Amino acid sequence: MTDDAVRRVFQVVDSFDPDEFARLLAEDATLVFGNAEPLAGREAIAAGLRAFYSTIGGLRHRIVRIWQVDADVIAETEVTYRRLDGKDVSAVAVSIWHTRDDGLITDYRIFVDLTPVYAV
């Protein structure tokens, strides 16, 4: 996967469109967000993203560094979340994903502490 393709993944995530993100995935893909239960399949992942997106006003990723090993991508990012109260907060995140030969993602994992996003 090229750096441009990695950037495209984050552009899609930042577009706030779960269905567009699901199109990047294999039909049987899995997604694990932090310590949440794994989501399996495009529809379940899109539904999970819809639920998550309903708790924030938006987000944007700034890529800090990308590592690629064969079909695996590891990306360190700074993510700025727009809270529902309109305030922006940032957190460091690491996303790891595996792609098939056709470029579709089969396994996506996100490691981030969302405490500042939901702090009162």
Side-chain angles (χ1 to χ4, degrees):
M1 182 170 262
T2 66
D3 285 0
D4 285 342
V6 172
R7 281 196 248 332
R8 173 75 181 126
V9 168
F10 289 114
Q11 287 171 345
V12 169
V13 171
D14 293 349
S15 76
F16 230 54
D17 184 345
D19 296 318
E20 181 70 18
F21 181 75
R23 287 191 270 285
L24 300 174
L25 306 173
E27 188 62 43
D28 61 346
T30 57
L31 181 138
V32 179
F33 196 117
N35 61 352
E37 289 296 315
L39 300 173
R42 282 182 182 158
E43 289 190 28
I45 293 168
L49 284 176
R50 258 185 227 93
F52 172 63
Y53 286 165
S54 74
T55 69
I56 59 174
L59 75 164
R60 70 180 177 280
H61 289 78
R62 183 180 68 79
I63 297 171
V64 175
R65 187 158 178 205
I66 301 168
W67 296 266
Q68 295 185 54
V69 180
D70 301 322
D72 296 314
V73 172
I74 305 163
E76 176 188 355
T77 58
E78 179 184 11
V79 188
T80 302
Y81 295 91
R82 169 71 42 100
R83 294 169 25 140
L84 293 179
D85 64 6
K87 295 178 183 172
D88 287 343
V89 296
S90 294
V92 173
V94 173
S95 299
I96 302 170
W97 66 84
H98 179 83
T99 56
R100 300 189 311 201
D101 289 342
D102 63 4
L104 293 177
I105 297 169
T106 60
D107 182 46
Y108 198 106
R109 298 164 189 256
I110 303 162
F111 300 91
V112 63
D113 178 3
L114 293 178
T115 303
V117 176
Y118 301 109
V120 215

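Treat the numbers as computed from the prediction; the structure is a model and nothing was measured.
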Exercise for the section: Mark yes when over 12 heavy atoms from residues, nucleotides or ligands other than E43 sit less than 6.0 Å from its CD; otherwise mark no. Expected result: no

Fill in the blank from the handout: salt bridge (Lys or Arg N to Asp or Glu O under 4.0 Å) pairs touching residues 88-98, sequence neighbours excluded, are R82-D88

Handout entry: Contacts of type side chain to side chain donor-acceptor pair (under 3.5 Å), residue E37, not counting sequence neighbours
Key = none

Exercise for the section: Quick one: list whatever passes ring pair (Phe, Tyr, Trp, His ring centres under 6.0 Å) with H61, sequence neighbours left out. Expected result: F10

Practice task
Just jot down the salt bridge (Lys or Arg N to Asp or Glu O under 4.0 Å) partners of D4, sequence neighbours excluded, or say none.
Solution key: R7

Handout entry: Residues in side-chain contact (heavy atoms from CB on, under 4.5 Å) contact with E76, at least two apart in sequence or another chain
Key = V64, R65, W67, V92

Practice task
Any pair with a residue in residues 108-120 that passes salt bridge (Lys or Arg N to Asp or Glu O under 4.0 Å), sequence neighbours left out, goes on the list, sorted by first then second residue, please.
Solution key: D107-R109

Handout entry: Qualifying residues under side-chain contact (heavy atoms from CB on, under 4.5 Å), relative to D102, sequence neighbours excluded
Key = R100, L104

Practice task
Write out all pairs satisfying ring pair (Phe, Tyr, Trp, His ring centres under 6.0 Å) with one or both partners inside residues 17-44, taking only residues at least two apart or from two chains.
Solution key: F21-Y108, F33-F52

Fill in the blank from the handout: For A46, the side-chain contact (heavy atoms from CB on, under 4.5 Å) test, sequence neighbours excluded, returns P18, D19, A22, R50

Practice task
Report the residues that fulfil ring pair (Phe, Tyr, Trp, His ring centres under 6.0 Å) with Y53, sequence neighbours left out, ordered by chain and then residue number.
Solution key: F16

Practice task
Supply the members, apart from L84, of the Ile/Leu/Val/Met/Phe/Trp/Tyr cluster built from side-chain contacts under 4.5 Å; use none for a lone residue.
Solution key: none

Exercise for the section: With sequence neighbours left out, write down each residue that passes side chain to side chain donor-acceptor pair (under 3.5 Å) with S90, or none if nothing qualifies. Expected result: T80

